[in-house]
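Report on the structure given below.
The structure displayed is predicted, hence computed values, not measured ones. In what follows, every heavy atom counts, from backbone to side chain, and hydrogens, waters and symmetry copies are set aside.
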Amino acid sequence: MLSYKNLLSSKSLKTKSIFLFLGKLSGFIVNFLIPIVLVRFISKSDFGYFQQFNLLFTSIVLISTLWINSSLYYFFPEKSKLEKSMYFKIVLSIKTIIWFLMLLGFILFKDNLLAYLEITNFDSFSSYIIITLFFLMMSSSLEVLFILDDKKLHNLLYFSFDRIAKAMLIFLLVISYSIKGIIISFLLYSMLRFLYTVFYTKNYLTEIFNKKLYKEKFIKLIKYSLPFGVGLMSQNFALRIDQFVLLNYVNASDFAIYSIAFYSIPLINYILSSINNIAMPELTKMAIANNKNLVLNLWNKIIKKNISITVPALGFFYFFANEIIIILFTDSYIESVKYYRIYIFSIILTSTSYGLVLRAANLTKKVMFANLVGLFVSTISAIYLIPTYAMEGAIITAMIAYLIPISIQIFFEIKYLESSFFKVIPSLSFIKNILITISALLLMTFVEEFFNNTLIKLIICFIIFSLIVTALQYISGIFIFQKELKKLIDKN
């Protein structure tokens, strides 16, 4: 049994993943409670406005900074403290430039933005929006730094405290002050994040500034991250273009119904992103050493782990979608079910960990190309489908935005590894998981008949379903913790 100190000092990918996942899990639970609580205290229209602002802030920060933050995964490993400081300062410089461009755009098009968000009566609060974006952008590097600095305890504790602060501000202000409360709560939350970022990164910020090294590293980072950045910005915009366009064709209440679909399957994205973020530095080392076989083996292993989680989860949440929506968001949002059932299929695409190999191998131009194609196709889809079919057209556009760029990136990754589709994608493991999931769901059709209470039915069915899937996966040799469970059984 590893001691607490040994766990914190462990360099194991699995240990790092567990700490990151547990931290994100605690943060996710709090974050997920926010809409569940809000729908019970505010009107559907006000919840729609909350979702609009949430979309605005998260999308702009993600689109404008994720690409430059992610470049640190490539440049930080095995670098000196001075070099790391230079790279971090470069990242801050680029984000500051982006923010000033946003500020200029905000000044020129403020009235259009307020009209788009249908909040023209709150002009006096409009400056808070751009200030909030500055604080959120400057604090967006924290998760990456925690991973690269191997701060497991920070990963474990930060996300929960961060989300608790966010939730408390939102509950206190939104429920009491409606739209004004939405704007002010996001501002105060972003300020807290920014202050903590300054405290955590003081060692990077106070390191001696080397002008020559800064210029050299700046050019190097831009060459790597710009193609990747254009691709990532294109991808994230494409994944949200359905919602941005839809805002012009539906009211706040309808948007609230549609937005529920994007809560997808709880925890899945956190699990997958934790695995991917931890594996990225290892893949980068393998790719730099030009060891394509090791890259292929690790990528294949990641996909196997991913689909052993995503396939059963997809089956369960699709089957019990009605009950899940009613319990979480009340029966006022039952119309969300059809959009929810369509959107959750996107997790199968996400479970391929697409793009990791291209980024590790510094083939970011391929990522850019794939995502630009995806943006182009999804934009055409949005323009033609959403004005005519509204939310139905939007959900089709959302799925297209996933499918196109992911397929292209996987094609490029297979080509780089000089491999084939079936060597990368574990088709046998995929089929086994599908059969296991179907078998478990067939039993659920009988089990659910014994319960009238929706919550009790869902809990009991989830427990039984999980136990059946775990047992069948273990027997089939595809359980995510196969070795650990075998050791535990052998001991007993």
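Interatomic distance, CZ of Phe57 versus CD1 of Ile60, reported as 8.0 Å (0.5 Å rounding).
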* Asked: Please walk me through it: do Phe421 and Phe411 pass side-chain contact (heavy atoms from CB on, under 4.5 Å)?
  -> CA-CA 8 Å; Phe421 179 82; Phe411 170 79; over 6 Å; no
* To do: Could you please spell out the steps behind the side chain to side chain donor-acceptor pair (under 3.5 Å) verdict for Asn251 and Ser45?
  => CA-CA 8 Å; Asn251 57 36; Ser45 177; over 6 Å; no
* **Evaluation steps, ring-ring contact (aromatic ring centres under 6.0 Å, His included), between Tyr402 and Phe345** => CA-CA 10 Å; Tyr402 258 102; Phe345 275 92; over 10 Å; no
* Step by step, would you call Ile460 with Phe450 a side-chain contact (heavy atoms from CB on, under 4.5 Å)? -> CA-CA 10 Å; Ile460 297 298; Phe450 292 95; over 6 Å; no
* To do: Decide ring-ring contact (aromatic ring centres under 6.0 Å, His included) for Tyr200 and Phe146; before the verdict, give the C-alpha distance in whole Å, the side-chain angles of both, and the deciding distance to 0.1 Å.
  => CA-CA 10 Å; Tyr200 180 80; Phe146 291 159; 5.0 Å; yes
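Side-chain N or O atoms of Thr352 include one that pairs as donor or acceptor with a backbone N or O of Leu349 at under 3.5 Å. Judged purely by atom type and a 3.5 angstrom limit, Asn371 uses its side chain to pair as donor or acceptor with the backbone of Val367. Although no hydrogens or angles enter the test, the distance criterion places a donor-acceptor pair under 3.5 Å between the side chain of Asn69 and the main chain of Thr65. The main-chain N or O of Ile326 is never found under 3.5 Å from a side-chain atom of Thr330 such that the two would form a donor-acceptor pair. When atom types are taken as modelled, the side chain of Asn453 and the backbone of Ile456 share a donor-acceptor pair closer than 3.5 angstrom. In this structure a side-chain-to-backbone donor-acceptor pair under 3.5 Å is present from Trp99 to Ile130. Between the side chain of Ser140 and the backbone N or O of Met137 there is at least one donor-acceptor pair closer than 3.5 Å. Remark: the backbone N or O of Ile395 is not paired with any side-chain donor or acceptor of Tyr339 at under 3.5 angstrom. Between the side chain of Arg193 and the backbone N or O of Leu136 there is no donor-acceptor pair closer than 3.5 Å. The backbone N or O of Ser429 lies less than 3.5 Å from no partner atom in the side chain of Lys304, so there is not a single donor-acceptor pair.
Relative orientation of the Phe465 and Phe316 rings is tilted, given thresholds of 30° and 60° on the angle between their planes. Classified by interplanar angle (parallel below 30°, tilted 30° to 60°, perpendicular above 60°), the ring pair Phe194/Phe135 is tilted.
Between Glu413 and Lys366 there is no salt bridge, since no side-chain nitrogen of the basic residue lies less than 4.0 Å from a carboxylate oxygen of the acidic one.
Side chain to side chain, Ser308 and Lys432 fail the donor-acceptor criterion of an N or O pair below 3.5 Å. No hydrogens or angles considered: nothing links the side chains of Ser59 and Asn236 as a donor-acceptor pair under 3.5 Å. Between the side chains of Ser185 and Lys166, no donor-acceptor pair of N or O atoms lies under 3.5 Å. For the residue pair Tyr196/Asp162, the side-chain donor-acceptor check at 3.5 Å is not satisfied. Residues Gln51 and Tyr258 have side chains that never bring a donor and an acceptor to within less than 3.5 angstrom of each other. With 3.5 Å as the limit, one finds no donor-acceptor pair spanning the side chains of Lys457 and Asn452.
Around CZ of Phe41, the count of heavy atoms belonging to other residues, nucleotides or ligands within 6.0 Å does not exceed 12. The number of heavy-atom neighbours closer than 6.0 Å to CZ of Phe462, taken from other residues, nucleotides and ligands shown, is 12 or below. Counting non-hydrogen atoms of neighbouring residues, nucleotides and ligands closer than 6.0 angstrom, the CZ atom of Phe32 exceeds 12 such neighbours.
Looking only at side-chain heavy atoms (C-beta outward), Phe262 and Gln243 come within less than 4.5 Å of each other. Within the 4.5 Å cutoff, side-chain heavy atoms of Ile410 are placed close to those of Ile414. Put simply, the side chain of Leu169 does not reach to within 4.5 Å of the side chain of Phe186, judged on heavy atoms. The shortest side-chain heavy-atom distance between Lys44 and Ile257 falls under the 4.5 Å cut-off.
Aromatic ring centres of Phe329 and Tyr263 lie closer together than 6.0 Å.
Glu335 pairs by the salt bridge (charged side-chain N to carboxylate O under 4.0 Å, His left out) definition with nothing, not counting sequence neighbours.
Between Ile268 and the choices Ile344, Ile347, Thr350, Leu314, the side chain to side chain contact (heavy atoms under 4.5 Å, CB included) rule is met once, by Ile347.
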